[in-house]
Amino acid sequence: MKEKGGSIYHDDEADFEVAPETAYDVLEKVNDSGKYTGDFVQELAGSDVSLDRLMEEGFTRPMLVKQKNGLELRVPSENFTVTDVMSCVGKRRQLQVFRVATQEACEMTMKQWTDYFNNPDRQDLYNCISLEFSDTRLDHYVESPAVIRRLDWVDIMWPAELKSQGDYPRVQKYCLMSTKGSYTDFHIDFAGTSVWYHIIKGEKYFWLIPPTPENLNLYKKWIQSDNQHETFFADLVSECQTVHLETGNTFFIPSGWIHGVYTPQDSLVFGGNFLHSLAMDMHIKVCKIESSARIPKNNRYPFFVDMLWYVLRSYVNMVTGKNYLESDDASQPEAGNFALSKREATGICSIISFLENLPSTKKKAPKLIKDLDGLLNDAKEMVKKEWLEGQIISATMALSKKKKVEKPKKVKRSVPKISDCQNKAPKHRRMKCKKCEPCNRSECGECNFCKDMKKFGGPGRMKQSCVMRACLAMRLSSRAECGLCAGPDASAGEEDYQKSLMECAECNEIVHPRCAKGEGKIKDDLPNLWTCPKCVAKNADTNGDPEAKRPKLEAEVAPPQPLGMIN
DNA sequence: TGAAACGTGACT
DNA sequence: AGTCACGTTTCA
Ligand SMILES: [Zn+2]
Ligand SMILES: [Zn+2]
Ligand SMILES: [Zn+2]
Ligand SMILES: [Zn+2]
């Protein structure tokens with residue numbers, strides 16, 4: 001995963017190399033589109049991207065859907081900005097970004113990133129392609145196309161019990177923010193995951209290469225070569241196709257496809273990676289390539305082997321009715337009544353042989369399966385039996401109907417304690433920011449609050465804003481004052497006076513941090529919100545333990561996840 | 001002064 | 001936990 005700028009770096013002035021630089025001009029490659037004449041991409045209407053179609057065709061060609069209607073994809077409008085992303089994920093969220101000039105990964109906060117992105121005078125090119133946001137408020141604004149949800153192994157194979165606890169491969173929802181001129185060199189997404197990819201705003205330019213055995217061999221050699229980034233991989237293969245994506249387009253990349261990405265315009269993209277039953281062989285193939293290339297764990301599909309065990313157990317359950325999952329909701333309805341198609345059986349054979357041949361160090365039971373050998377034996381028996389001839393995938397079809405798991409809502413914190421009930425200032429009403437994407441939407445006319453409005457023929461009693469217009473960054477009233485320095489000679493009106501005011505989430509007091517003594521604890525849910533020094537001290541008192549509140553239980557610590565989707 | 005709609009509390 | 005109703009705040 002290397003990032004490069006669109007232009008050649010000087011290689012004539014130094015006989016020492018700082019870092020492997022491009023030996024070609026990416027823009028030149030973009031303009032040389034006549035050279036890459038493959039014909040793989042299917043252009044479809046959203047409603048044509050159906051489960052039936054994918055199961056029939058096997059999802060082996062990239063698909064382009066220009067208008068999202070029919071995909072049942074939920075995304076914000078093209079007015080959604082990087083600032084809105086910040087409002088959702090929090091200013092202090094750490095991002096992994098790539099510095100284009102040096103091609104190195106580095107970290108910055110969401111706030112730093114937003115300031116960088118919103119300033120048109122950019123000194124350096126950076127590219128952010130690895131913000132997984134399913135643990136943030138953004139989660140509710142983005143949902144993958146319906147057909148993807150019915151294929152994604154995380155949704156249909158991973159135990160719901162674990163997923164609802166946040167214990168699952170978190171690669172389903174990425175936000176990609178790319179500056180004009182960014183480039184991601186050729187790669188295969190981890191474990192040969194397929195990708196859905198929706199352009200909220202901007203443009204993307206893909207080079208696409210099918211994962212034929214020849215191309216995979218070339219790719220293997222190329223990623224292990226010393227001069228990988230001096231060679232434009234598309235020039236090594238016999239067939240490559242380019243595709244230019246624009247605002248509103250949705251793109252689907254099949255398993256294993258080798259692709260490079262250029263960013264012709266600043267762009268905001270939502271997308272996700274997924275494993276699925278139509279590409280079992282490819283997942284194993286790519287996993288083996290990654291292992292032999294010693295790809296670091298951070299850049300691989302998390303819990304891939306665990307996932308294979310869960311997949312195997314799901315098929316064994318569907319076909320034989322036997323259950324190897326230690327869980328309450330272990331069995332599917334009508335389990336035991338399904339057969340395997342030839343393609344399913346072939347894929348499952350790949351998985352069986354992969355799991356069987358794991359070195360004993362890696363043959364570790366996933367959390368909810370104990371009897372690995374029993375499962376393997378039953379799986380082997382299962383694939384020996386006759387499979388449904390001609391029938392398209394059956395067990396998979398049945399599994400695709402598995403219900404979506406509900407996330408536990410964020411627990412409303414702090415039961416009102418006796419100490420809290422005292423000296424609480426009256427709540428200050430916050431106002432819509434009028435800048436974020438929801439603030440600038442028009443009324444949907446369909447939600448409960450809209451229907452209540454007189455303008456939509458309702459009684460007008462509820463007096464609430466349209467749910468689609470819920471502000472992402474509710475601001476303090478413009479007449480808010482510092483409770484400490486406000487007075488006749490206060491410097492109200494100065495720009496900083498308003499901007500730096502902080503409201504305490506617990507006692508509701510509004511003060512300047514500089515006027516309060518002690519350290520407050522800034523909150524990221526709303527602008528200008530913190531726990532004031534007084535309340536921080538009070539909490540420390542109440543808890544007895546002044547420093548750390550409560551040590552996190554092992555189960556609460558998020559499992560390690562990859563640093564990023566590779567586009 | 002009127003329109004918009006926030007925060008809260010009662011009800012289910 | 002979700003729905004509904006209302007007094008009241010804020011802005012223009
Ligand atoms: Zn509405
Ligand atoms: Zn807003
Ligand atoms: Zn002050
Ligand atoms: Zn406070």
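Quick note: numbers below take in every heavy atom, side chains included, and nothing from hydrogens, waters or symmetry partners. A quick note: this is a predicted structure, and the numbers were derived from the prediction, not measured. A, B, ... follow the sequence lines: proteins, then strands. Residue 1 opens every chain.
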Bounds of contact between DNA chain B and chain A, in 5' to 3' order, using a heavy-atom cut-off under 4.0 Å: B:dA5 to B:dT8
Between CG on residue A:Leu151 and CE on residue A:Met157, distance to nearest 0.5 Å: 10.0 Å
Parallel, tilted or perpendicular: rings of A:Phe59 and A:Phe274 (30°, 60°): parallel
Helical bend (five base pairs per end, nearest 10°) for the helix from B:dT1-C:dA12 to B:dT12-C:dA1: 20°
Given DNA chain B, 5'-ward residue of the pair A:Arg469 and A:Asn508, judged by closest heavy atom: A:Arg469
Side chain to side chain donor-acceptor pair (under 3.5 Å) contacts touching residues 446-461 of chain A (sequence neighbours left out): A:Glu443-A:Lys455
Listed once per pair and sorted, the salt bridge (Lys or Arg N to Asp or Glu O under 4.0 Å) pairs that draw on residues 138-152 of chain A, sequence neighbours left out: A:Arg74-A:Glu143, A:Asp139-A:Lys173, A:Asp139-A:Lys407, A:Glu143-A:Arg149, A:Glu143-A:Lys404
A:Glu246, CD: over 12 other non-hydrogen atoms inside 6.0 angstrom: yes
What's touching nucleotides 5-8 of chain C from the protein side, N or O pairs under 3.5 Å?
residue, atom, partner, partner atom, Å
C:dA5, OP1, A:Arg461, NH2, 3.4
C:dA5, OP2, A:Arg461, NE, 3.4
C:dC6, N4, A:Met462, O, 2.8
C:dG7, N7, A:Lys463, NZ, 2.9
C:dG7, N2, A:Arg429, NH2, 3.4
C:dT8, O2, A:Arg429, NH2, 2.9

cation_pi(A:Arg122, A:Phe117) dist<6.0 Å, angle<=45: yes
DNA chain C contacts among residues 439-451 of chain A, heavy-atom distance under 4.0 Å: A:Asn448
d(CZ, A:Arg475; P, C:dT9) in whole Å: 17 Å
